[in-house]
> 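The structure's right below; bear with me while I get my questions together.
On a predicted model such as this, the values are computed, not experimentally measured, just so you know. Each residue takes its place number in the sequence, starting with 1.
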Amino acid sequence: MIGNYIISINQLADFSKATDAKKRRIIKQQKEPNKFRIAYYQLAKARMKKTVENHGDLEPIFKGIDELLSRKPIKPRQTNDKMVSLEALNRFINLKLPSLLCDFQHEVIKKPKIKSIILNGVEIIISPDVIIRLELDGKKYLGAVKIHISKNNVFDNIQSRYISALLFKYLKEVVAKDDEEVLEDLCLSIEVFGGSIISVPNNLPTTVNEIEVICDEIKLIWNVA
C-alpha cells in the first residue's frame with residue numbers, strides 16, 4: 001500500500017494546526033525522512049502500552065519510574081529524555097482509563113503487516129500502539145490505542161479526534177474480520193501532557209471529511225515543497 005503521498009498519523013494531526021512554515025517543514029520531513037532520527041521517551045511509552053495491555057495495572061508505570069530514577073544521564077538529550085519521561089509517567093498515573101479497558105477481559109492482537117490506510121489519495125501510517133479484542137454478550141469487538149507524548153506540542157481535542165477516527169477506520173479496513181465489530185468507545189487517542197483520552201467522535205463522517213480536506217492540503221504542499 002504505497003502512495004505518492006505519505007504521512008504518519010501524528011504528523012497529520014500536527015499538520016492540521018500548524019503554521020504555513022511548519023506545514024512545509026512537516027512535508028519535507030515526510031518526503032525525506034531522517035534515517036538517524038532518535039526516538040524519544042521509549043521507556044515511558046513502552047510502560048504505558050504495558051499498562052493498557054494489562055487492564056490499567058499501574059505496576060509497569062511504577063517500575064518505569066524506578067528505572068528512570070536510577071539512570072545517570074551523560075548527554076543533555078539523555079537528561080531531557082529522563083525528566084520528560086518521568087513527568088509523563090507521573091501524569092499517566094492520573095489519567096482515568098475507561099472501564100472498557102480496565103474491567104473487561106481482552107486479548108492483545110499482534111499488529112498486522114499493513115500499518116496504514118489510504119484516505120483521499122494520501123497514505124496515512126496509523127501503526128497503533130496497542131490493538132485489543134474483547135467479547136461482550138457473545139460478540140467480538142476490536143479497539144486500538146495511540147499514545148502521544150510531547151511536552152511542547154500537546155494535541156488539542158480536535159487533533160485527538162482525528163487520531164481516534166483514523167484508528168477506527170484502520171481497524172475497520174485492515175484488521176477486523178467478518179465476525180468482529182470495531183468499538184468506537186475503544187478507539188482511543190491518549191494525550192499524556194494534555195491529560196485527555198478521546199474516543200471516536202459522534203460526528204465521525206464530518207471528522208473524516210475534515211481529514212480529507214487536510215489530505216488535499218498535504219498533496220498541494222507536497223507537490224511544491
Side-chain angles (χ1 to χ4, degrees), residues 1-18 26-27 29-31 33 37 39-42 45-46 48-49 52-53 98 100-101 106-134 140-150 153 155-177 180-192 194 196-201 203-219 222:
M1 187 188 286
I2 302 295
N4 292 325
Y5 311 100
I6 183 167
I7 193 167
S8 70
I9 187 172
N10 282 347
Q11 293 284 36
L12 183 142
D14 200 7
F15 182 96
S16 71
K17 291 294 179 76
I26 290 169
I27 296 303
Q29 287 169 1
Q30 297 297 303
K31 290 175 80 170
R37 188 178 181 189
Y40 285 90
Y41 324 129
Q42 288 179 295
K45 181 171 273 195
M48 293 172 190
K49 286 162 63 174
V52 169
E53 292 172 355
L100 273 172
L101 268 182
H106 63 241
E107 61 176 313
V108 178
I109 297 179
K110 185 178 178 182
K111 295 173 187 176
K113 290 181 180 178
I114 299 173
K115 301 183 184 303
S116 57
I117 59 171
I118 300 284
L119 186 63
N120 198 11
V122 175
E123 182 179 3
I124 305 170
I125 301 168
I126 308 298
S127 196
D129 290 314
V130 182
I131 303 175
I132 63 173
R133 178 194 292 120
L134 56 79
K140 294 178 182 177
Y141 295 96
L142 296 180
V145 172
K146 193 81 176 173
I147 301 167
H148 185 242
I149 305 172
S150 178
N153 188 28
F155 289 163
D156 65 20
N157 287 359
I158 294 173
Q159 290 168 299
S160 293
R161 285 205 295 271
Y162 291 156
I163 289 172
S164 59
L166 287 167
L167 286 171
F168 180 84
K169 279 186 69 64
Y170 172 78
L171 292 181
K172 289 272 285 187
E173 294 178 16
V174 175
V175 183
K177 298 174 182 174
E180 296 171 336
E181 286 186 41
V182 181
L183 202 55
E184 294 181 359
D185 289 342
L186 209 51
C187 294
L188 303 171
S189 173
I190 299 180
E191 171 49 66
V192 177
S196 65
I197 302 176
I198 304 293
S199 60
V200 177
N203 59 338
L204 178 60
T206 302
T207 301
V208 172
N209 286 341
E210 290 173 9
I211 298 170
E212 288 176 341
V213 172
I214 294 166
C215 288
D216 278 335
E217 191 175 4
I218 288 169
K219 289 185 287 187
W222 190 288

> Are the side chains of V52 and D129 in contact, using a 4.5 Å heavy-atom criterion?
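No - every pair of side-chain heavy atoms lies 4.5 Å or more apart.
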
> Do other residues, nucleotides or ligands put more than 12 heavy atoms under 6.0 Å from K111 NZ?
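Correct, the count exceeds 12.
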
> Taking the side chain as every heavy atom from C-beta outward, state whether L119 and Y170 have any pair of such atoms under 4.5 Å apart.
no

> Do side-chain atoms of K45 reach the backbone of I147 as a donor and acceptor pair under 3.5 angstrom?
yes

> Which value, rounded to the nearest 0.5 Å, describes the distance between S8 atom OG and I124 atom CD1?
10.0 Å

> Within the structure provided, determine whether I158 and K17 are in side-chain contact (heavy-atom separation under 4.5 Å).
yes

> Which atom pair, heavy atoms only, marks the closest approach of H106 to L134?
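Smallest heavy-atom distance, with atoms named: CB-CB, 3.8 Å.
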
> Are E180 and K140 close enough for a salt bridge, meaning some N to O gap below 4.0 Å?
no

> Are the side chains of I118 and E173 in contact, using a 4.5 Å heavy-atom criterion?
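E173 does not reach I118 side chain to side chain.
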
> Under a 3.5 Å distance rule, please check whether E217 uses its side chain to pair with a backbone N or O of I214 as donor and acceptor.
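Pair absent, no side-chain N/O of E217 close to backbone of I214.
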
> Tell me the closest heavy-atom pair linking S189 and S160, and the distance in Å.
CB-O, 3.3 Å

> Take V182 and V200 through the test side chain to side chain contact (heavy atoms under 4.5 Å, CB included) and record every step on the way to the result.
CA-CA 11 Å; V182 181; V200 177; over 6 Å; no

> With rounding to the nearest 0.5 Å, note down the distance linking CG in N10 to OG in S150.
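Reported to 0.5 Å precision, the distance equals 9.5 Å.
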
> Nearest 0.5 Å please: distance from the CD atom of E191 over to the CD1 atom of I149.
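If I round to the nearest 0.5 Å, the distance is 9.5 Å.
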
> Find the distance between CD1 (I131) and NZ (K110) and round it off to the nearest 0.5 Å.
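The NZ atom of K110 is 12.0 Å from CD1 of I131, to the nearest 0.5 Å.
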
> Looking at L142, I198, L167, which one forms a side chain to side chain contact (heavy atoms under 4.5 Å, CB included) with C187?
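The option that passes is L167.
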
> Side-chain contact test, heavy atoms from C-beta onward, threshold under 4.5 Å: evaluate it for S16 versus F155 and give yes or no.
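Result no, sub-4.5 Å side-chain heavy-atom pair not found.
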
> So which of L171, I9, I125 actually passes side chain to side chain contact (heavy atoms under 4.5 Å, CB included) with L166?
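Among the candidates, only I9 passes.
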
> Take L204 and F168, measure what side chain to side chain contact (heavy atoms under 4.5 Å, CB included) needs, and give me the verdict at the end.
CA-CA 9 Å; L204 178 60; F168 180 84; 3.5 Å; yes

> Supply the atom-to-atom distance E210 CD to N203 CG, rounded to the nearest 0.5 angstrom.
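Nearest 0.5 Å value for the CD-CG distance: 7.0 Å.
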
> Roughly how far, to the nearest 0.5 Å, is CD of E123 from CG of N4?
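Here the rounded value is 10.5 Å.
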
> Yes or no on side chain to side chain contact (heavy atoms under 4.5 Å, CB included) for S164 and K146, after CA distance, side-chain angles and deciding distance?
CA-CA 8 Å; S164 59; K146 193 81 176 173; over 6 Å; no

> Treating S199 as the side-chain partner and D185 as the backbone partner, does any N or O pair qualify as donor plus acceptor under 3.5 Å?
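No; judged by distance alone, with no hydrogens or angles, the pair does not exist.
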
> Can you find a heavy atom in the side chain of I26 that is under 4.5 Å from one in the side chain of I7?
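When only atoms from C-beta onward are counted, I7 and I26 do touch, with a gap below 4.5 Å.
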
> Could you tell me whether the side chain of L101 reaches within less than 4.5 Å of the side chain of L188, counting heavy atoms only?
yes

